[in-house]
Amino acid sequence: MSEIHTIDEQMLVAFYRNLYFARRFEETLADMFRRGEIDGWLHSGIGQELVGVILGVTLQAHDYIVPYHRSKATFLARGVPPRALIAEILGRQSGICGGVGGEAHAADVSHGIFGSTGVIGAALPLALGAAFVQLYRHTDGIAVCGFGDGATTQGSFHESMNLAALWNLPIVFICENNLYSEMTPLSKEMKETRIAKKAEAYGMPGIAVDGYDLDATYTVLQEAIARARENQGPSLIEVKTYRWHGHYEGDPEEYRDKNEVEAWRARDPLPLLRARVHDQGILDSQQLLDLEKNFEDLLSEAVAFAKASPYPTPENLLSNVYATNTSA
Amino acid sequence: MSEIHTIDEQMLVAFYRNLYFARRFEETLADMFRRGEIDGWLHSGIGQELVGVILGVTLQAHDYIVPYHRSKATFLARGVPPRALIAEILGRQSGICGGVGGEAHAADVSHGIFGSTGVIGAALPLALGAAFVQLYRHTDGIAVCGFGDGATTQGSFHESMNLAALWNLPIVFICENNLYSEMTPLSKEMKETRIAKKAEAYGMPGIAVDGYDLDATYTVLQEAIARARENQGPSLIEVKTYRWHGHYEGDPEEYRDKNEVEAWRARDPLPLLRARVHDQGILDSQQLLDLEKNFEDLLSEAVAFAKASPYPTPENLLSNVYATNTSA
Amino acid sequence: MSQLSYRRALTQAIDEEMARDAGVFLIGEDVADSGGAFGLTRGLLAKYGEMRVRDTPISEEAIVGLGIGAAALGLRPIVEIMFMDFIFLAMDQIANHAAKMRYMYGGQVHIPLVVRTLSGGGFRAGMHHSQSLESVFGHIPGLKVVMPSDAYEAKGLLKSSIRDPDPVIFMEQKSLLGAKVEVPDNDYLIPLGVAKVRRTGSDVTIVAIGIMVSHTLQAAEELAQEGIEAEVVDARTAMPIDSDTILNSVKKTNRLVVAHEAPAPFGFGAEIAALAAEKALYYLDAPVIRVTSKFTPIPVGRSEDYILPGKKDIVEAVHRAIKGG
Amino acid sequence: MSQLSYRRALTQAIDEEMARDAGVFLIGEDVADSGGAFGLTRGLLAKYGEMRVRDTPISEEAIVGLGIGAAALGLRPIVEIMFMDFIFLAMDQIANHAAKMRYMYGGQVHIPLVVRTLSGGGFRAGMHHSQSLESVFGHIPGLKVVMPSDAYEAKGLLKSSIRDPDPVIFMEQKSLLGAKVEVPDNDYLIPLGVAKVRRTGSDVTIVAIGIMVSHTLQAAEELAQEGIEAEVVDARTAMPIDSDTILNSVKKTNRLVVAHEAPAPFGFGAEIAALAAEKALYYLDAPVIRVTSKFTPIPVGRSEDYILPGKKDIVEAVHRAIKGG
Ligand SMILES: Cc1ncc(C[n+]2csc(CCOP(=O)(O)OP(=O)(O)O)c2C)c(N)n1
Ligand SMILES: Cc1ncc(C[n+]2csc(CCOP(=O)(O)OP(=O)(O)O)c2C)c(N)n1
Ligand SMILES: [Mg+2]
Ligand SMILES: [Mg+2]
């Protein structure tokens, strides 16, 4: 990383808006889950929103994101309507995937988001395809692929890093290292825990960054994105971050120390960013409160919309297996 | 690698005997293939025998080898009867696998050889099992796993290296880098072509060595073997070597330059080793000739035996699908 | 004898076999420290130590391969794949290596490996956490495939699987985890490849497997009230298939319905229907009917209820079978 | 119209489609510089350049995943897996992603991906170079599976597969590579999911797929000399299954034999037999007979001849079907 890139006022506000909203979105979902309003599971991204926000805000419309599996922040910051995202998580017809994919398999190709999967590690090969399409079409678009530390021990990580470097694909791999893979700590996933360093095996730059430091993360991401965009090749970014909630909502979290959680929570980038926006005089207290109030309304409306939406019909559920009208 | 280990006279002779025999064995098979005496394929290991010979001679009886797929030298040097190996390659009942496995899938567990497979890269996870068994049983035995450069781009390579380092398994990974994967040159397999360096991503030592240099290769292997045996952990050894024949016998070899082949052939370790055994006064010319003559007899006998052996019977071919008498 | 959940029956089976045979060990993601993502292996680490109960990284291919290697060389590994859907990542190791190794090495090795995995619907977690893949594995010569239908079956079949000399894919039925039945505290085995007639009847044979056995037994009760006596055969293992038990029942009832949770094409029902069409054709008085999931991926949330088959589908199928088509 | 080998028919199909549609590209191990391990893609690199014809490292999972991603975002990838046996390494990408992506994203994407792969026996290279896995893929909702039975079929079906909006597993029959038939030089398509009656007959229906079609046609000639007229249906695709064509034939001949190279359990024959038992039971005058390989891995060398099915087995099966069991 060279010197820190400056974030202009407009972007700072965009980051704040999106970070605030992503946090409230996550909190709202967690509450809903606790109240039994969500079928299946919920994997909270709370505490890890910053990277997704930066990506969502800074990437160009023709870039593709294969999102990190907790990153609802990416979806929102890219402009996916909150109501359609909640509806998807609730399995409703009005969801971005018609309510069939749900939390783990949500995609919105019209917003350049694709490749989400319930299979850890499987996103990376898919992301190669997105990068290859950019190359093939001679666009200046890129692909970004997010995943966790746990995914780096999958064979697919290795094959994908190798192929991306070999073919000089316009892609940025972003590993959100939150120190755990479900209940397993990093030290039981790998002996070499410096994930960024693994990039060397592929002849690719690898950079680690504190994911709670907005400026550092912004800088590292912008440089990697620029590299990819200018056809200088892929990068691996290891973002050191932390999830505040359990692996899934309801996780008893016996495997980690409350103090560890508290230490990360104490570094929460959200109030820091709010203070910065305020102290730099970009938005005053009232403007901040108005903005936050607006988001609460937006959220309530989105939840109400989603809850009122019907579930997929049998006809919906039998569609889209094939593009042609094939029946078995 | 620290300083070069000295090879004592007895071992030098053992290396010579085995290298000579392995070479003649390979040549004999290639001739037979040309004459149409072998069904299916033959993948010659000619030019790459040295590593297999060193391993076969120096490993202990309770060590396991998962052999590199061209390494007939390993089998022979470990004491597998040549007749039974040829019979296997000819698909005869008297082969080491009853003639069912053939060249690519030959194993001889009584000689500690297991895990060969027709699937590139699949041997590495299997080898983890062999190393794990040693650990589990508290033996001082180890596992050695051979594979080519092509295998290092498989996901299984990554997962296996990671797990071996993490669990401190007593294993030595040996990559015979012969610069090609079938018709594909190394530069089209990976951007970072220093295979040994890839070990760093796993927190494992990785050492490259000239596989035509007996002393260097011997030293590097002995050190890695000792490390594994003393529970200091796994290693990755990249042996730089070259196959003189095509990928398979009959390969038109359009993808490489004859001069490249000639340059490697000119460095053939076999005559060098012969001269060394002779010049050091360990064996005189007559002893060498006698020894070589003996091997010719052994080979002829082995070929004759194999050719005279029956093919598997229907009953043989229907056995061993299950250990129990299950029929579908 | 006590009421035991499917979950605890599985734990007990592993525990008893680990106590009995020092060669049995267990590896998988989150199986040790945290006792399994679903608590199935709780307590085992404390009892058997780190050598025998181990957490692994997310490396399905490597851990299954390790299991195969260790099995071939004399140990008895149990490898857990958290959800069956992820088993595809280890497919080469299972289908090309575990299944074929004994054969390709001419009988030099056994592969007493058990791959335990949660299968089927019930968690509403969608297409990557809900599949039942018994027929994919049953098609590969060399593998055995076990699908216990309740806690009693789970314990006896898992113990047999662990002792079996061949590789076994052991499919734990997700939606049965909490279901309790009487389970003996002591050692007992249920042989692999022997189906069980769970209910006798003369009007129709329903061959069911896994979770569908409970739905079928309930359907049979309902049918009995209409005067239709169904014979319910719990197939127990998708491979080997106990064709004698199945065909004998068909020859008696002259009608066949097959029920499984996986989709129909190339599924368990196809094989059973083919068996009947091959070996009991002249006994069949009505078309064979398959009760299966719809031919789609499994959607998330409650939508899965529409895709997966249930009691109602079985009752309807029997009505059709009785009517003769 | 000229005599063309299966091998060249495949090359021609790819060539024509690449010329026609700039979105079609081809990747795989050794497909570019050396024109394929079996020469199937010779000349394409020179013609279409490095962006569209690319050698890959040995990374089956990554290259298939790349193909899926590129397909979802609008290109038409052809990914070659050198031997079908290695497809297991890409199984998660194919079965969990190519197959399910359209469904799980609610129809936002198509996956016009073709995975071309050499399948079946014929090279005598044993268990890791000889499998036919159509039923494994046919079982997964979302995939299509194509098995061309001669050069004419190969060209027309491959062209359709490339244009198809869904993921297709295209199984090139190894032992047919050199076999020649008349093949039009021009553009023609054979629709996926439409079986072809290759020979009409009234005494028995033989449904065959892939390489077994040629064995079956030969068997039919032999049977004709005994006065038995077999109707031979080339299924062409294992998924979708053209049940109409198959059932109509069965309803006409009242006897059914199914022939495929894969083993019987959960195989193509199981599905066809089940179809008949479900939808044409009352038309069947004799047990359905499956002609398949034996239920073992495939041994190396000439031993494979004993394990794989051939003309003789078909003739015998028909004799049994005619006798009625
Ligand atoms: C192939 C596969 N194996 C196991 C799982 C179960 N699983 C879901 S999330 C997870 C941990 C992932 O850890 P990481 O990649 O670090 O992401 P995090 O959840 O920490 O954000 C596991 C093991 C899975 N979904 N896919
Ligand atoms: C999974 C898999 N993919 C492809 C092949 C076909 N294949 C056989 S050998 C080979 C090249 C292997 O190269 P390398 O590992 O360098 O070993 P070498 O043959 O050079 O000794 C390939 C691609 C295979 N056997 N297995
Ligand atoms: Mg993590
Ligand atoms: Mg090589």
Side-chain angles (χ1 to χ4, degrees), chain C residues 60-61 85-89 91-96 99-100 103-104 126-128 131 133-136 138-142 238-239 241 256 258 262-282 284 286-290 294-297 299-300 324-325, chain D residues 60-61 85-89 91-96 99-100 103-104 126-128 131 133-136 138-142 238-239 241 256 258 262-282 284 286-290 294-297 299-300 324-325:
Chain C
E60 281 80 5
E61 187 175 3
D85 313 71
F86 314 152
I87 207 168
F88 285 138
L89 291 162
M91 194 73 193
D92 171 68
Q93 287 294 334
I94 294 175
N96 278 334
K100 298 179 175 43
Y103 188 82
M104 77 185 183
M127 53 284 293
H128 289 160
Q131 292 168 85
L133 300 167
E134 64 276 8
S135 74
V136 168
H139 182 61
I140 308 292
M239 181 57 64
I241 294 169
L256 175 61
V258 194
F266 308 98
F268 179 72
E271 181 57 30
I272 302 304
L275 261 182
E278 226 165 35
K279 305 229 172 105
L281 184 83
Y282 300 128
L284 285 174
V288 179
I289 299 175
R290 293 185 267 178
K294 312 228 164 21
F295 194 59
T296 74
V300 294
Chain D
E60 281 80 4
E61 188 175 3
D85 313 73
F86 313 152
I87 207 169
F88 284 139
L89 290 162
M91 195 71 193
D92 171 67
Q93 286 294 334
I94 295 174
N96 279 334
K100 299 178 174 43
Y103 188 83
M104 75 187 185
M127 54 284 295
H128 289 157
Q131 292 168 84
L133 300 167
E134 63 276 9
S135 74
V136 167
H139 182 62
I140 309 290
M239 180 59 60
I241 295 170
L256 174 61
V258 194
F266 308 98
F268 179 72
E271 182 56 32
I272 302 305
L275 261 182
E278 227 164 34
K279 305 227 172 106
L281 184 82
Y282 301 127
L284 284 174
V288 179
I289 298 174
R290 292 184 268 179
K294 309 225 165 25
F295 193 60
T296 73
V300 294

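So you know, we letter chains A, B, ... as the sequences are listed, proteins then strands, and number each from 1.
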With the side chain counted from C-beta on, respond yes when C/Leu281 and D/Leu281 share a heavy-atom pair under 4.5 Å apart, and no when they do not. yes
Which one of D/Gly142, D/Ala262, D/Ala276, D/Gly324 has the most heavy-atom pairs closer than 4.5 Å to chain C? D/Gly324
If the condition is ring pair (Phe, Tyr, Trp, His ring centres under 6.0 Å), which residues does D/Phe86 pass it with, not counting sequence neighbours? D/Phe83, D/His129
So which part of C/Gln131 gets closer than 4.5 Å to some heavy atom of chain D, the side chain, the backbone, both or neither? side chain
Closest heavy-atom pair and its distance - D/Tyr282, C/Pro287: OH-CD, 3.2 Å
State, yes or no, whether a side-chain contact exists between C/Pro265 and D/Met239 at a heavy-atom distance under 4.5 Å. yes
So which residue, C/Val300, C/Val258, C/Asp92, C/Leu133, ends up with the most heavy-atom pairs under 4.5 Å with chain D? C/Asp92
With sequence neighbours left out, the residues meeting side-chain contact (heavy atoms from CB on, under 4.5 Å) with D/Lys294 are B/Leu318, D/Thr296, D/Tyr306, D/Ile307
Proximity breakdown for D/Ile140 and chain C, heavy-atom pairs closer than 4.5 Å: both
Any sub-3.5 Å donor-acceptor pair from C/Asn96's side-chain atoms to D/His128's backbone N or O? no
Contacting region of D/Phe268 [heavy-atom separation from chain C under 4.5 Å]: both
Counting distance only, does the side-chain N/O of C/Glu271 pair as donor-acceptor with the main-chain N or O of D/Phe266 below 3.5 Å? yes
Within a strict 4.5 Å, meaning less than it, do heavy atoms of the D/His139 and C/Pro263 side chains meet? yes
I need the residue from C/Gly138, C/Ala273, C/Ala270 with the largest number of non-hydrogen atom pairs under 4.5 Å to chain D. C/Ala270
For the atom pair CE (D/Met104) and CE (C/Met127), what is the distance rounded to the nearest 0.5 Å? 6.5 Å
Quick check for you: among D/Ala274, D/Pro141, D/Ala277, D/Pro299, which has the greatest number of heavy-atom pairs under 4.5 Å with chain C? D/Pro141
Let me know if D/Gln93 has heavy atoms under 4.5 Å from chain C in its side chain, its backbone, both or neither. neither
Per-residue contact mode, D/Glu61 against chain C (heavy atom under 4.5 angstrom): side chain
Distance in Å, C/Ile94 CD1 paired with D/Met91 CE, rounded so as to fall on 0.5 Å steps: 11.0 Å
Nearest heavy-atom contact between D/Phe88 and C/Ala95 is CE1-CB, 3.5 Å
